[in-house]
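A, B, ... follow the sequence lines: proteins, then strands. Residue 1 opens every chain.
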Amino acid sequence: MTESVTTLPPTRSTSGFDIKSFLTRHGAWVALALLILFNLAFTPNFATWQTLNVNLTQVCAIVIVGVGMTLVIATGGIDLSVGSLMAIAGSLAPLIFLGKLFPLPHPAVGIALAFVVPVLVAGAFGWFNGWLITRLRIQPIIATLVLFIAGRGIAQVMTNGNLQVFKVPEFQYIGLGRLFGIPFQAVLMVVIVVAAGWMLRRTVFGRQILAVGGNERAARLAGIPVVSVKRKVYWISGLLSGIAGLIVIARNSAADANLVGLGMELDAIAAVAVGGTLLTGGRATVVGTLVGALIIQLVRYTLLANGVPDAAALVAKAGIIVLAVWLQRQNQS
Amino acid sequence: MTESVTTLPPTRSTSGFDIKSFLTRHGAWVALALLILFNLAFTPNFATWQTLNVNLTQVCAIVIVGVGMTLVIATGGIDLSVGSLMAIAGSLAPLIFLGKLFPLPHPAVGIALAFVVPVLVAGAFGWFNGWLITRLRIQPIIATLVLFIAGRGIAQVMTNGNLQVFKVPEFQYIGLGRLFGIPFQAVLMVVIVVAAGWMLRRTVFGRQILAVGGNERAARLAGIPVVSVKRKVYWISGLLSGIAGLIVIARNSAADANLVGLGMELDAIAAVAVGGTLLTGGRATVVGTLVGALIIQLVRYTLLANGVPDAAALVAKAGIIVLAVWLQRQNQS
Amino acid sequence: SAQELPKLKQKDKYKVGFAQTESNNPWRIAQTESMKAEAAKLGHQLVYTDAAGSAAKQVADVNSMIAQGVDLIFLAPREEKPLIPAVMAAKKAGIPVVLLDRNVDQSLAKAGKDYVTFIGSDFVDEGRRAAEALDKATNGTAKIIQLEGTTGSSPANDRRKGFEDYIKNKPGMKIIASQSGDFARDKGRQVAETLLQAHPDATAIYAHNDEMAIGAISALEAAGKKPGKDVQIVSIDGTRDALQAIIDGKMLATVECNPKFGPKAFETLARYAKGEQIQPWVVNTDRFFDKSNAAQLISDAY
Amino acid sequence: MPLLLTMQRIDKRFAGVPALRSASLEVEHGEVHALIGQNGAGKSTMIKILTGYYAKDAGEIVFDGKPVEFSSPQDAQKSGISTIYQEINLVPYRSVTENICLGRERRRFGLLNWPAMHAEAEELLARFNIRIDVRQPLMTYPTAVQQMVAIARAIGFDAKLVIMDEPTSSLDDKEVEVLFGVIRQLKAAGVSIIFVSHKLDELYAVCDRVTIMRDGRTIRVSRMDDISKLDLVTAMLGRELSRVLHEDGDSQRASGPRDPLLTVEHLAVGRKVHDVTFDVREGEIVGLAGLLGSGRTESARVVFGADRPEGGKIQFHNVPKPAAEPAEAILAGMGFLSEDRKLEGIIPDMSVRENLTLAIMPQLAKNGVVDEARSREIVDRFIERLGIRCASPEQRIRELSGGNQQKVLLARWLCMNPRLLILDEPTRGIDVGAKAEILSLVRELAGQGLGVLIISSELEEVVEAASRIFVLRDGNTVAQLSGDAVNEQDVMAAMAHGHNELRETVHD
Ligand SMILES: Nc1ncnc2c1ncn2[C@@H]1O[C@H](COP(=O)(O)OP(=O)(O)OP(=O)(O)O)[C@@H](O)[C@H]1O
Ligand SMILES: Nc1ncnc2c1ncn2[C@@H]1O[C@H](COP(=O)(O)OP(=O)(O)OP(=O)(O)O)[C@@H](O)[C@H]1O
Ligand SMILES: [Mg+2]
Ligand SMILES: [Mg+2]
């Protein structure tokens with residue numbers, strides 16, 4: 001019997017260390033490092049606290065939304081509605097703390113509700129995405145396209161198209177405040193990334209997400225509650241979009257239903273892809289998404305700061321995305 | 001032997017006629033019919049030749065791009081770059097017939113080239129998409145995101161951001177001309193739809209497209225040239241985007257690198273989905289895409305004509321999309 | 001932050017930032033060119049950015065200008081509110097800001113305190129003058145289709161306000177349909193086509209800018225109507241295309257929205273450097289074009 | 001002894017087509033119960049109805065004394081029914097451990113307890129004498145190993161009833177032995193097992209009783225030792241097997257040497273194929289034997305142009321270089337039946353007809369336009385010839401039973417009448433009747449000059465079909481057997497002890 005013991009090496013296991021396989025495995029990190037080096041060398045006063053803050057604050061929204069997107073994509077789905085959900089949350093918050101929705105017993109109450117309610121509402125819309133996908137069995141890209149289109153409409157209806165202006169330091173702390181000199185939103189971002197990454201790796205829910213994305217039928221046969229897993233994931237994506245929406249309006253001391261979160265879905269997807277998550281589902285890395293977002297942000301900053309004309313900047317940005325993704329793909333074929 | 005050759009009645013016919021299965025199988029058509037009835041009832045002087053023309057001319061671009069998108073999606077891919085490719089073709093054409101690129105021996109030459117070159121260039125970019133996807137093995141959504149971003153940049157560089165205005169009836173025939181009283185672009189649209197539909201149903205290439213979308217590895221082992229099929233499909237999508245780009249600028253006697261084809265990718269995808277094509281590939285209907293586009297267009301027209309404010313219009317549009325798609329999904333589960 | 005407005009020390013050459021909001025229409029392009037030309041004439045260095053229509057990007061643009069340490073920033077704010085933080089950041093960094101063609105919200109930032117001044121046209125008045133022109137031409141009777149600018153943008157709001165306020169006490173003038181055409185030719189055309197179908201009784205079109213007016217003209221022609229005869233068109237901006245349309249009798253009139261900011265802008269810069277007191281709103285004077293003057297003025301239209 | 005499971009008068013129609021017609025099944029406590037029948041007889045459907053994967057149209061199910069109507073497989077699993085489905089259903093990207101523990105993860109303080117789960121996975125696989133790195137993604141292992149993982153996973157739940165739908169179809173004899181060992185352990189522990197297989201010897205080896213199905217009906221139930229192989233087959237097919245088998249078996253074995261068709265020398269591919277040498281002559285059936293992972297499939301894939309060779313020489317029909325792409329190989333007259341029906345064979349959403357004619361589409365076309373009439377005519381011929389059970393040629397292939405899908409795929413290659421046909425596990429999941437038909441069909445074609453390279457985990461099959469056998473071991477050709485040396489004992493010996501220099505063995 002002993003001779004029939006099967007001890008196969010995996011067909012596609014990693015074959016020793018060489019520079020290429022290293023590159024491909026850590027493509028994103030390498031790209032990031034190169035970018036930073038480039039900036040240190042060429043961008044005027046890059047190595048300043050101020051620069052770091054500017055980039056951190058500008059990348060936050062993408063990362064926070066990107067985390068939700070990562071989870072959605074890990075289940076083999078996609079969420080185009082994130083930008084619109086940001087707009088909804090962003091338009092709702094001022095209505096609340098400016099007391100336009102209902103009279104406030106005390107301003108503090110308004111602030112508190114302005115943090116909670118919009119995020120929950122965005123979450124509810126996210127859950128609705130999940131419902132369309134699981135209950136009506138509509139493909140994610142279309143199901144979320146629905147709120148991508150309708151979301152802004154809803155936000156505009158709520159504010160009947162007007163911009164809302166405000167100056168409420170307590171609320172705007174989420175976008176302007178600092179913790180030990182670090183922008184609060186950056187802290188929030190890091191917390192969310194760590195939490196999500198940990199959840200994906202260590203908890204049953206995390207495994208279930210990946211199983212659903214890896215082979216939905218198998219997952220169902222294995223007794224995994226596919227439906228509820230999916231709904232939860234879109235719900236989370238909604239919640240995170242809501243938070244991102246609040247950050248953006250707090251930063252601008254203004255909410256504009258037309259502009260909040262515009263084009264965010266593609267930035268987020270790009271970040272996820274550049275980060276090395278498989279867009280077909282089943283494999284995901286939250287930290288990768290963070291890195292991906294940083295790359296995209298840094299590219300944008302570099303080109304701006306070095307006065308590269310916009311048109312060219314767009315091309316360059318695209319180039320870098322394709323490079324990073326290509327590095328990733330090498331070891332996935 | 002004969003005994004094991006069962007001659008059971010074909011699977012689908014036996015389910016007998018009932019209203020629901022009819023609805024689900026012809027969901028898109030039903031939706032279209034309902035919309036038309038609604039308009040006949042409520043929209044002032046809807047039943048006019050001119051109304052037909054208005055809607056046909058406004059839907060053309062979406063349909064033509066949608067046909068390419070249908071083929072791409074049939075292979076299991078997606079093309080986000082169509083809008084940008086429209087912008088590139090649209091910006092290039094005037095440069096040519098206005099002789100800004102190179103001196104023209106005779107205006108007629110300029111016109112001729114202005115029809116051919118931009119379309120071919122757009123096609124080349126489409127082929128580049130296919131190359132990224134097949135050669136570098138980048139997922140379609142990212143590969144085409146690259147030109148989605150860079151494409152407008154390129155168009156702006158070509159025109160250094162200037163809006164180009166012109167009055168060249170010979171060229172603008174493609175957007176303003178009429179054949180037997182029918183807008184030429186509508187005729188073009190119908191020709192393209194019929195040709196593509198026939199190609200998909202009757203030709204080897206059509207089969208190959210569906211096979212690749214249905215199971216890529218199996219298709220390859222059955223001797224189907226997967227790589228070239230994919231490249232051709234993205235190439236076609238590029239060509240059609242180019243044509244759509246020319247139509248749009250001809251209609252406006254102006255080319256604007258920033259606006260031509262803006263948001264087209266999502267309109268086209270929506271049309272494809274509403275038309276009943278499976279977004280996971282392997283099954284596709286070009287005529288369906290035409291119907292889908294007509295539905296979306298008619299919804300837009302209805303809402304505008306009845307003075308529904310933009311915001312509400314968005315929500316309604318989304319609602320109709322989800323309804324139509326949901327009807328489709330019923331018999332695909 | 002009640003600190004003083006940053007000063008600008010007198011030099012003969014400045015490094016000046018110009019944060020343009022978009023360059024997708026002739027008006028913007030003319031504005032940019034006027035700025036560049038004037039800077040070149042005076043020998044200043046101009047750092048130019050284009051926000052491509054995104055407020056967020058424009059904020060980033062201004063931040064990068066701050067990082068590059070320019071002496072003064074000319075800012076054409078994309079929206080009334082979201083650019084406030086950029087203005088404040090510049091102030092904190094000790095860089096004076098001059099706003100062009102669109103103001104920011106006065107409840108959040110004040111001219112003379114947070115930024116030097118606002119140079120620009122009076123949009124409300126533009127709307128009023130357009131209405132006035134239409135009133136004269138149709139002696140007070142018109143069924144009007146209004147093509148609005150981008151929802152929520154201040155030119156759209158003000159131009160609607162100016163126009164609607166004027167016709168309030170003109171019983172004969174009614175707006176029978178009003179939809180947004182996003183200041184764009186294609187969208188303007190499509191909206192016009194549709195509204196003309198639904199409201200064939202319309203006798204006039206008021207467009208918030210010339211691009212949409214041009215779109216409306218092609219819509220009319222497609223519908224087999226005679227622009228300028230069956231339907232009168234008034235608009236705002238004064239582009240070359242619009243003037244040509246007036247000359248061709250397809251359009252009634254257009255109120256200029258003067259894009260040539262270069263001279264006024266740098267003149268203001270010089271005055272501010274000298275330490276003069278600048279009024280909070282430096283009005284950029286707008287001309288009025290109709291068939292009486294279109295022919296001779298078209299040459300220097302943009 | 002009280003019954004663990006009774007299914008009675010089960011009806012099931014798919015879009016009006018009956019798949020089960022008042023079928024029944026009874027399983028006792030602690031017995032191994034065989035469920036057999038032709039392809040499309042309704043075995044898998046019966047099982048899927050029991051586990052709640054499909055809803056039944058009529059009939060009742062009593063499990064463990066209680067009438068049940070499971071709403072979903074996990075529902076059935078909770079009640080102690082654990083299933084291995086015919087098509088492997090695992091998550092390729094995830095690690096072996098995750099696949100085994102999927103749905104019943106070990107936790108500590110609500111968190112995943114990786115060490116415990118890895119240990120469990122290793123321990124379960126150890127029962128099958130499999131030692132692999134359970135942290136690696138499943139997809140990096142061969143089909144056979146994946147099948148074992150699926151089985152390990154299923155018995156990992158302590159179930160009252162374990163259902164195995166053709167578990168052995170992708171295993172070679174050694175592993176089947178191991179599996180039987182495990183089945184006997186389970187039985188001893190009082191667990192009942194439903195065992196679906198088309199390999200009759202296996203049934204006699206482990207099963208106590210058998211239920212025979214045909215055309216969706218239960219034809220006969222019997223104790224295994226009360227029924228002879230012949231009766232079994234006759235009941236299953238509804239006719240006698242001998243009438244199916246043409247007696248042309250050895251016609252081509254007798255005849256002398258012919259021109260070489262394919263010669264492969266010192267082939268090397270990846271880390272699994274080091275030095276593989278074999279050749280096929282026109283009109284000859286050559287077998288590749290070897291344990292799983294010995295490199296047969298990968299060698300075959302290279303010959304067909306699906307993978308790149310890294311060393312060695314391949315000559316097909318005087319063309320001294322290997323095909324770069326399958327398309328090229330097909331044009332040169334090669335056909336390749338992949339061992340992985342689901343992943344590399346069927347195009348699920350396409351009709352039987354489109355699937356069957358996929359490889360000959362270009363030939364079927366007049367300047368790019370498919371000739372539907374001809375394709376129909378061809379398809380009807382092959383449906384008839386291979387006895388493919390389908391509602392109509394336009395039915396989606398995914399709706400066919402496993403075995404019938406396999407027949408369609410075989411037809412895909414036969415209809416291009418190739419020079420060389422590479423069959424990787426050709427009879428996987430095919431019933432004895434069909435298997436005999438297919439093998440004799442292959443012989444017949446070989447008689448007409450077709451060269452065949454057959455890879456099979458069933459030695460008996462290779463030995464029966466092939467006139468020469470090359471034995472592979474760890475990616476090396478270790479023996480070539482011909483003449484009377486073509487018998488199971490010698491092949492076994494070579495597979496086990498074959499030395500690494502090529503050894504000719506010819507008894508005469
Ligand atoms: N989803 C489905 N839709 C339509 N018909 C189906 C479907 N599933 C099975 N059938 C039909 O039901 C019949 C029984 O199929 P089943 O898979 O149970 O056969 P089987 O006994 O498992 O055959 P095999 O030994 O080849 O696996 C077949 O004729 C098949 O075509
Ligand atoms: N290029 C490939 N792509 C995908 N799967 C492959 C590839 N090459 C081999 N395989 C799979 O790897 C497994 C091992 O193939 P290999 O040829 O090494 O083993 P084998 O000798 O065919 O044994 P068995 O066929 O019993 O697995 C096979 O199941 C095959 O499906
Ligand atoms: Mg079966
Ligand atoms: Mg194999």
Side-chain angles (χ1 to χ4, degrees), chain B residues 1-18 21 25 74-76 134 195 198-229 232 277-285 331-333, chain D residues 13-18 38-40 215 237-239 244 301 304 306 325-331 336 338 340 342-350 354-355 357-362 364-365 368-370 372 383-385 387-396 399 409 412 416 433-434 437:
Chain B
M1 198 67 230
T2 44
E3 177 222 35
S4 79
V5 181
T6 51
T7 51
L8 307 169
T11 330
R12 256 144 201 57
S13 70
T14 47
S15 54
F17 178 91
D18 60 37
S21 76
R25 205 136 342 114
T75 65
T134 52
W198 175 83
M199 187 271 283
L200 200 56
R201 186 180 306 275
R202 291 245 156 282
T203 67
V204 172
F205 182 54
R207 283 287 169 76
Q208 293 178 326
I209 290 175
L210 293 171
V212 170
N215 178 349
E216 186 168 333
R217 279 175 72 179
R220 175 161 175 264
L221 285 180
I224 288 171
V226 174
V227 167
S228 81
V229 167
K232 277 198 200 115
T277 291
L278 205 60
L279 273 89
T280 44
R283 261 191 274 165
T285 150
N331 58 342
Q332 286 170 7
S333 46
Chain D
R13 315 180 125 256
F14 289 103
V17 186
Q38 269 179 291
N39 299 124
D215 298 348
L237 306 183
R239 64 193 191 286
V244 181
R301 289 177 62 93
F304 190 62
E325 270 292 309
E328 211 175 298
I330 290 170
L331 278 184
F336 174 75
S338 165
D340 195 328
K342 195 172 161 196
L343 223 60
E344 304 186 327
I346 64 167
I347 297 183
D349 274 325
M350 281 190 153
E354 289 166 319
N355 269 282
T357 55
L358 199 60
I360 55 166
M361 249 193 311
L364 271 181
V369 185
V370 181
E372 303 295 347
I383 288 182
E384 163 84 40
R385 192 165 175 189
I388 297 168
R389 263 189 64 117
C390 57
S392 91
E394 304 308 323
Q395 185 180 13
R396 288 209 210 117
E399 296 172 350
L409 295 181
R412 175 188 290 174
M416 67 173 271
E437 292 157 11

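Neither the backbone nor the side chain of Ile360(D) comes within contact range of chain B; no heavy atom of the residue lies under 4.5 Å from a heavy atom of that chain. For Met361(D), the parts sitting under 4.5 Å from any heavy atom of chain B are the backbone and the side chain alike.
Contact count against chain B (heavy-atom pairs under 4.5 Å) is highest for Glu354(D) among Glu328(D), Glu354(D), Arg412(D), Arg13(D). By number of non-hydrogen pairs under 4.5 angstrom with chain B, the leading residue of Val370(D), Val369(D), Leu409(D) is Val370(D).
Here the side chain of Thr277(B) pairs a donor or acceptor atom with the backbone of Thr285(B) at under 3.5 angstrom. Proximity of a side-chain donor or acceptor of Arg220(B) to a complementary backbone N or O of Val227(B) within less than 3.5 Å is not detected.
A salt bridge does not link Arg217(B) to Asp340(D): none of the charged side-chain nitrogens sits closer than 4.0 Å to a carboxylate oxygen.
Considering only residues two or more places apart in sequence or on other chains, Ile330(D) meets the side chain to side chain contact (heavy atoms under 4.5 Å, CB included) condition with Phe304(D), Trp413(D), Met416(D).
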